[in-house]
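First the structure, in the form of structure tokens, and then the observations on it.
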Number of protein chains: 2
Amino acid sequence: MTTSRSTQSVRAVTLERPTSTAARDAIADGLEREALVTVFGRCTVDYEGRASSQLAAGDRHVMLKPDGAALVHTDEGQQPVNWQPPGCAHDVFCEPTRSEAESDDFDKSEKAKDAAEADADGGGSVADPNADAALLVLESTRSTPEERLLVRFQDVLQVSTFAGTDEGELTLSGTEADLRERILENPDLLESGFTPLATERDTPAGAIDIYGEDDAGNTVVVELKRRRVGPDAVSQLRRYVDALERDLHADATLRGILVAPSVTERAQRLLGEHGLEFVSLEPTGE
Amino acid sequence: MTTSRSTQSVRAVTLERPTSTAARDAIADGLEREALVTVFGRCTVDYEGRASSQLAAGDRHVMLKPDGAALVHTDEGQQPVNWQPPGCAHDVFCEPTRSEAESDDFDKSEKAKDAAEADADGGGSVADPNADAALLVLESTRSTPEERLLVRFQDVLQVSTFAGTDEGELTLSGTEADLRERILENPDLLESGFTPLATERDTPAGAIDIYGEDDAGNTVVVELKRRRVGPDAVSQLRRYVDALERDLHADATLRGILVAPSVTERAQRLLGEHGLEFVSLEPTGE
DNA sequence: TACTTGATCTCGAGA
DNA sequence: TCTCGAGGTCAAGTA
């Protein structure tokens, strides 16, 4: 096993196949320094909170971020198999293996954690004599809502800590906001004679993307979507048109226009049934 | 720089502060072996596809999965700042630095990639003589839709490849499916005398979660949500009730019931306006 | 493939 | 803090 630990200016520290206690110390150090911590190894994962889940043992990549986020990734999928949102408190400790004590639930882990912390208080960073008989455990918790993620490693292949900086800003185009700007700059794209009067106009059912009137003076409710739309977008538009009709309790004709690159067939039919219209437009022009 | 590369049975390979070409070779090897590959370093990220984005230089953690997924994580947030879904083709190559050739866009990178591949074809794994003047570049692309992610590293702190196995299955409870089962097993939870007749009953507006009748013989449309609901859920329920009314074109009373742990005030009002009902239920009992 | 909807959705803006 | 809607949403089930 080799490391490149030397000074605080080291931006990346890596341990390969560390003992549980060495892993624990390196991770604790990384969390302390507000570094990004990664652990790869065979582990089980338990979650309890908004829902609850259990995951049997397998090789996974765990990332602990300094903002409190935790991510558990398998070798498949874009989404983590388990996670915890930013704002959590990360904790790391060692607990006895099952051969010594069955620890299959949260309560047992709580006891083990208390013991580990008591030990750490007393013994400093002295290596645990039972190092090889200890499991590395990562825990991320938060309140509101009360949630807890527990990752128990049977085997740790690698621990890394990364101290980085990132001031880079992301610029994104092709969003619904771009579609809105495009129409506001050239209202004729929607329909000749259209006049936007407000964006985000509030109704009892929510905010209308663009509120305006056509060249005949009819009120127009416009709902924008950056991509092909289904029935949900039609419902949304209908809800706003409905609310505005009640709100204005006027007899003036009220038009609802859905603006998107395209519509599904079912959505098209729903639009017709409710007297709503569709205009094909993409978020960005060529 | 140290590594623990030795045999194919090594499950994790790590390079610290590698040269661009060493990083390229290790990553190419990892991709070839269908390992999970991670790279940490200072990089810029460009995306073009369903939308388009640019991200200025910063320290980030990049993960390439053997299923084709790519993730770029900063030190903040649960979500990756950039990504690519499973099914993409990953590629790695070196391109000249800007001091030699301005390479600020996709076209230039394409040329550099072609050159790099031509070089690889001819020279095998021989180290590039301009290793220090080369940037490591990761590229993930797919079609339908055409999308491309390009990560250019100015500096690579660590490259790792992980060969793991994961047959562990996730069991999750507290979902909408659990709420449905709970009601089907004990329909009185919804209301005394309720009889479920079908789940996922199709209408022209979509599928109804639970379709049934009350003890008076009225048709009941039930929409389930695992958590507190807003106006969107009310719209959804209304859409189904509406569609069923048209579908059955009957005069029989049709009831719509939204089942969720709780409801927002605005949604509550909308329910009332449309003659819909609410029943408070959680996905799991105590 | 495309469609439809759930999700421990996440995230940001606004009240 | 809660509400509300967008998202390069993702992922699963279905036709």
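The basis for the numbers below is simple: all heavy atoms, side chains too, and nothing from hydrogens, waters or symmetry mates.
Atom P of D:dA11 sits at a distance of 15 Å from the matching atom of C:dC11, rounded to the whole Å. Atom name P, nucleotides C:dT4 and C:dT8: the rounded distance is 23 Å, in whole Å.
Without hydrogens or angle criteria, B:D59 side chain to A:T165 main chain gives a donor-acceptor distance under 3.5 Å.
Among C:dT8, C:dT5, D:dA6, the nucleotide with an atom closest to any side-chain atom of A:P231 is C:dT5. Looking at the side chain of A:Q78, the nearest of the listed nucleotides D:dA11, C:dT5, D:dG8 is D:dA11. In the set D:dG8, D:dG5, C:dT1, D:dG8 carries the atom at the smallest distance from any side-chain atom of B:Y47. Taking the side chain of B:E147 as heavy atoms from C-beta on, and the options D:dA6, D:dG8, C:dT8, the nearest nucleotide is D:dG8. The side chain of A:S53 sits closest to C:dT8 out of C:dC9, C:dT8, C:dT5. Checking D:dA6, C:dC9, D:dC10 against every side-chain atom of B:R50, the shortest atom distance belongs to D:dC10. Of the candidates C:dT5, C:dC9, D:dA6, C:dC9 carries the atom nearest the A:W83 side chain, counting heavy atoms from C-beta on. Here the side chain of A:R228 is nearest to one of D:dA6, D:dC2, C:dC3, namely C:dC3. Checking D:dA11, C:dC3, C:dT10 against every side-chain atom of A:Q79, the shortest atom distance belongs to D:dA11. Listed candidates were C:dT8, D:dT3, C:dT1. Nearest to the side chain of B:T264 is D:dT3.
A salt bridge between B:D46 and B:R152 is present, with a side-chain N of the basic residue lying under 4.0 Å from a carboxylate O of the acidic one. A salt bridge links A:D166 with B:R60: the distance from a Lys NZ or Arg NE/NH1/NH2 to an Asp or Glu carboxylate oxygen falls below 4.0 Å. Ionic pairing of B:R238 and B:D232 is not present here: no N-O contact between side-chain nitrogen and carboxylate oxygen is shorter than 4.0 angstrom. We find that A:E223 and A:K225 are joined by a salt bridge, their nearest charged nitrogen and carboxylate oxygen being less than 4.0 Å apart. The residues B:R50 and B:E147 are annotated as salt-bridged, a charged nitrogen and a carboxylate oxygen being separated by less than 4.0 angstrom. Taking the charged nitrogens against the carboxylate oxygens, A:K65 and B:E76 have no contact shorter than 4.0 Å, which rules out a salt bridge.
As judged by a 4.0 angstrom heavy-atom cut-off over every strand, B:R142 is placed among residues making no nucleic acid contact. Contacts of A:G77 with the nucleic acid, taken as non-hydrogen atoms under 4.0 Å apart, involve only primed sugar atoms and P, OP1 or OP2. If you check every strand for non-hydrogen atoms under 4.0 Å, B:R269 touches nothing. Among the heavy atoms of the strands lying under 4.0 Å from B:E223 are primed sugar atoms or P, OP1, OP2 only; no base atom is included. Residue B:A205 is classed as a sugar-phosphate contact, given heavy-atom separations below 4.0 Å to backbone atoms only. Heavy atoms of A:G49 sit nowhere under 4.0 angstrom from any nucleic acid atom. Within 4.0 Å (heavy atoms only), B:T144 reaches sugar-phosphate atoms of the nucleic acid but no base atom.
Heavy-atom nearest nucleotides on DNA chain C were determined for A:V263 and for A:A51, and the one closer to the 5' end corresponds to A:V263. Across the interface with DNA chain C, nearest-nucleotide mapping of A:P86 and A:N82 shows A:N82 to be the residue nearer the 5′ end. If B:G230 and A:S143 are placed on DNA chain D by their nearest nucleotide, the residue sitting closer to the 5' end is A:S143.
When both distances must be under 3.5 Å, the Watson-Crick or G-U wobble mate of D:dA11 is C:dT5.
Following rounding to the nearest Å, A:Q236 (CD) and C:dT4 (P) show an atom-to-atom distance of 16 Å. One interatomic measurement links the two molecules: CG of A:L224 to P of D:dG7, which rounds to 10 Å at whole-angstrom precision. Atom CG in A:L71 sits roughly 12 Å away from atom C1' in C:dT10 (whole-Å rounding). Computed from coordinates, the B:K65 NZ to D:dA11 C1' distance equals 13 Å when rounded to whole Å. One atom, CD of B:E76, and another, P of C:dC11, lie 11 Å apart when rounded to the nearest Å. Regarding B:Q268, its CD atom lies at a distance of 16 Å from the C1' atom of D:dC2, rounded to whole Å. Going from atom CG of A:L170 over to atom P of C:dG12 covers 11 Å, rounded to whole Å. A:H73 places its NE2 atom 12 Å from the C1' atom of D:dC10, with the value rounded to the nearest Å.
Contact annotation: side chain of A:E176 to base of D:dG7, donor-acceptor pair absent below 3.5 Å. No hydrogens or angles were tested; on distance alone, nothing pairs the side chain of A:D232 with the base of C:dT4 as donor and acceptor under 3.5 Å. Put simply, the side chain of B:Q84 and the base of D:dG8 share a donor and an acceptor less than 3.5 Å apart.
In terms of phosphate contacts, A:Y240 brings a side-chain nitrogen or oxygen within less than 4.0 Å of OP1 or OP2 of D:dG5. The side chain of B:R227 places no N or O atom within less than 4.0 Å of a non-bridging phosphate oxygen (OP1 or OP2) of C:dT10. Side-chain nitrogen and oxygen atoms of A:R266 include at least one within less than 4.0 Å of the OP1 or OP2 phosphate oxygen of C:dT4. For C:dG6, neither phosphate oxygen OP1 nor OP2 lies less than 4.0 angstrom from any side-chain nitrogen or oxygen of B:R180.
The aromatic rings of A:F40 and A:H61 sit tilted relative to each other, their planes meeting at an angle between 30° and 60°.
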